[in-house]
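For reference, the structure discussed in these notes is given below.
To find a chain, count down the sequence lines: A is the first, B the second, and so on, and within it residues start at 1.
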Amino acid sequence: MGKERILVTSALPYANGPLHIGHAIGAYIPADVYTRYHRLKGNDVIFICGTDEHGTPIAVTAEQEGIPPKRVADNYHKLIKKTFSDIGVSFDNFSRTTRELHYKNSQEFFLRILEKGFVYKKTVERPYCPVCKRFLPDRYVRGTCPYCGSKDERGDQCERCGKQLEPHELLDSYCAICGSSPEQKKTEHWFFRLSEFSERLNEWISEQKHWPDNARNFSLGWISEGLEDRAITRDMEWGVPVPLRNAEGKVLYVWFDAPIGYISSTQEWNAKGWRDYWQNPDCKIVHFIGKDNIPFHTIIWPAMLMAHGDYTLPWQISSNEYLNLEGRKMSTSRGWVLWLHDILGEFSPDLVRYYLLSINPANHDSDFSLKEFQHRVNSELIGTLGNFINRVLVFIKQNRGGIVPEPVEFDDLDSRILETIRGAPGRVGREIKEFRFQPALNALLATAAEGNEYFQHKEPWKRENGTTLYLCANLTRTLAILMHPFLPFSARRVWEMLGLNGRVEEQEWVSAGESPIEGGHKIGSVEPLYEKIEDKKIDAFGKKFLKPGSESKMDILKFEEFKGMDLRVGRIKRVEDIEGADRLYLLRVDLGSLGERQLVAGIKDTYKKKELTGKEIVVVANLEPAIIRGYKSEGMLLAADLDGKPVFLVPEREVKEGAKIR
RNA sequence: AGCGGGGUUGAGCAGCCAGGAGUGCUCGUCGGGCUCAUAACCCGAAGGUCCGAGGUUCAAAUCCUCGCCCCGCUACCA
C-alpha cells in the first residue's frame, strides 16, 4: 500500500478570546489524534491551523480598549498558541491571518474569482455614522432587538434570543463607538455568486457518502432552501484591503479571508511544497470543525474553491456537536465556561485529553462534569492503563533487577496475550481512521484491561518462568505506541521507562503489533505515570473556576426608567388561535379605563383556552406595539419562568380591571 | 411546524454505519479471590419489554416503514 497524502486542518480560532474545553474537543484534539496516528502510519500528513484575526469583534474590542486591533490579536494569538502547545496539539504550522503572505493570497483569490465572473459589484444601503464619519458593520451598531426587545444588542446577533440580525433591523440603533444614531447611506460592495453553485454543490455533496450524517443532511437541506449571493466586502479599516483602485476603505469580509488562511498557513509552512496538498487531487483534505461551522465548510468554502478552479475540494468534514458544562450550555458572556488554560494549570494535559476524548461529542451533545472527570481519570486512565504499566515495570524492577527475562514456553494464556499484542494496532487504528475517536480510545483501554487480566491470572508474584514478564514488557511497549495519538506526554514517558531507543513518535504504528523487546533488555527508571485526582483537589478547582455567574452581571435599572413602566391588571376576555402558530394565542384583554387591548402571547403549549378566559393577569400596558405573526400586540403579559414554561403572575385577590401596579 | 440528534439494567454512557445468544464501560448493590501494583487488580452475582407496532432475514438493539416521548437549532414566547 502506498503512502497516503493527507492535509488536516482545524477551524481557525478567533483571536478575540481564550479557548475553552468545548473548542478543544470540538475541532482540535480529535484532529491531533488523527494526525499523530497518520504520522505513525508513515503517511504524508500535515496539520495546519492559525488564528483568525480580522472581523468586527476584534476591531470593536480594540476601540473600546483604545488599542490597535493588531494588539488585541497579538495577545490572544500568543495565549492560544501557548494553550495548544500545553495540551499537545501538534500543528505543523500555526499561522495568523494578519501576515503579509495571507493578505497577498486573499487578494489574489479575490481577483481570480472576480476575473472569472463569480464576483459582481452592487450598490446597497448600509448604516453610516455621521459623527464617526464611517459605515457601521454588524457589531459597530447596537440597539434594541426587533424580535425579543432586548436592549443594547449588537448588529449581527441578539445575545438574548439568538436571532441572526442585519444591522439595519435594530430598533433605536446607535453607533457602538460614539453613540449617535446612524443614517442609511449608499455604498458599493462586491458580492459572490454563491447562488450559481447550487447544482454543483448539491451533486458534489450527494456523492460524499463517507461524510457524517449531520454534515451531509444539514448541508443538503441548506442548499434546498436556496443559496443567496453573499457580500464579500465591507466598509472598514480592519481587514484585508480590497485590491482594486476605487475601493478605498473597503476590506474583504472576514468569512472570505479566513478559510484562505488554511492555504496561507500551508504556504508559510512550505513555500514550494504546498501545492502537493492543495492542488493535488490525490491529497485528502480533512477539515475538523464544530457543528456551527458546517455550512461554511461544506457549502461556502467549497463554492469558493470551485470558483477559483485550481484547488482540490475537501475530502472529509469531521464536525462535532457541542459540549455542555455540568449539564448547562456554556456561555462566555454569562461566565459559564471552563477555560482550557485554567484546567491545564491544575491538571496534566493527558488527563484532560483523556476525559475529553472519552466524552467526545461526536454524535450528540455531551456533558463535561468535574466529578466525572475525576472518576474516569482515576478508574480508567489510572486504574486500568496506568496501573498495568506501573505494576509490570515495578515488578520487573523489583524481582528481576530491571532486566526483562527470557521467555520460556508459551501456554494458552501466553498465546492469547500474544494475539492481543498482534491485533491491537489494527483494532485501535481502524477506529481512528474512521474518525471514531471514542471507540478508538476504548480499544486502547480494552488492551490494557486484557493486560491486567493476564497478569492477574498468571500470578507472577507466586511463580513465573520469564514468559509472563517478557510478554508484559512487550505489551507495555505496544501500549506506549498506541497511546501516542491520544496521550502523547504519557506515551513518551512509558517509552523512556521501558528504556527503549529512539522516541515513541518515531515508531511505526504496525510495529506496535510486534514483540521486539528481548530477554536481557534493561528497562529505565520507573515512577508512576499519573497521580490520582483527590476529592479535595477537584472540589477546590470547581470552586475556583466554575462560577455560576449570570445573575451577577445584571444591569442596574434606573428608578426613572422603572417608573416609566406602566403595569396594569387586566382580565382576559377572549382567546383565539393564530393560524399556523403552535405556541401563540391572540388575547383580548380588558384593561378597565385603558379599554381593551389585543395581545399576542406565547403560552399555548402551557395554558388551555378554557383556563385563560376570565383570568386576571398582569400586563405591561405602555410597551411599544409589535407585529407578531401578522398580528399587532399592544403590550406584554408577565409570567415567571418555570423550566422554560410561563407561569402567570396574578393578583392575590380580585381587583378591578386596569388597576395600576406600583 | 421545519431541520438535526436521542430513547439500551438503579444512574451515566458505548454498541447500531458493516445484523450473529442483551455484548461492553464507569458508578452503585451483593459475594468471592489476590497481595506485584497508586485502597489497586481479578472472578462472580443480582438487575433489561434494547420506546412501541409492523416488516425484511435462518438471525434485528443494529436494516426498512409507521407511531409515541425527550433534547437542540430555527420559525412564533413584546
Could you tell me if A:Lys537 sits above the aromatic ring of A:Phe347, with its cationic atom closer than 6.0 Å to the ring centre and no more than 45 degrees from the axis?
yes
Hey, which of these two, A:Gln438 or A:Val392, hits RNA chain B nearer its 5' end, going by closest nucleotide?
A:Gln438
Rounded to whole angstrom, note down the P distance from B:G32 over to B:C71.
45 Å
Can you name the ring pair (Phe, Tyr, Trp, His ring centres under 6.0 Å) partners of A:Tyr322, sequence neighbours left out?
none
For A:Phe395 and for A:His375, locate the closest nucleotide of RNA chain B by heavy-atom distance; then report the residue assigned to the nucleotide nearer the 5' terminus.
A:His375
Using the P atom on both, measure B:C63 against B:G19 and round to a whole Å.
9 Å
Should the pair A:Arg230 and A:Trp255 be classed as cation-pi, given the thresholds of under 6.0 Å to the six-membered ring centre and 45° from the axis?
yes
Using the P atom in both, what is the distance from B:G22 to B:U65, to the nearest Å?
24 Å
Could you check whether A:Lys458 pairs with A:Glu453 (Lys NZ or Arg NE/NH1/NH2 to Asp/Glu carboxylate O, under 4.0 Å)?
no
Expressed in whole Å, how much space separates the C1' atoms belonging to B:G20 and B:C16?
14 Å
Taking atom P in both B:U62 and B:A53, what distance in whole Å separates the two?
12 Å
Distance check, P atoms only: B:C76 and B:C17, in whole angstrom units.
40 Å
Identified pairing partner of B:A1, criterion: Watson-Crick or G-U wobble below 3.5 Å
B:U74
Counting any heavy atom closer than 4.0 Å, what does A:Arg436 reach on the DNA or RNA strands: base, sugar-phosphate only, or nothing?
base
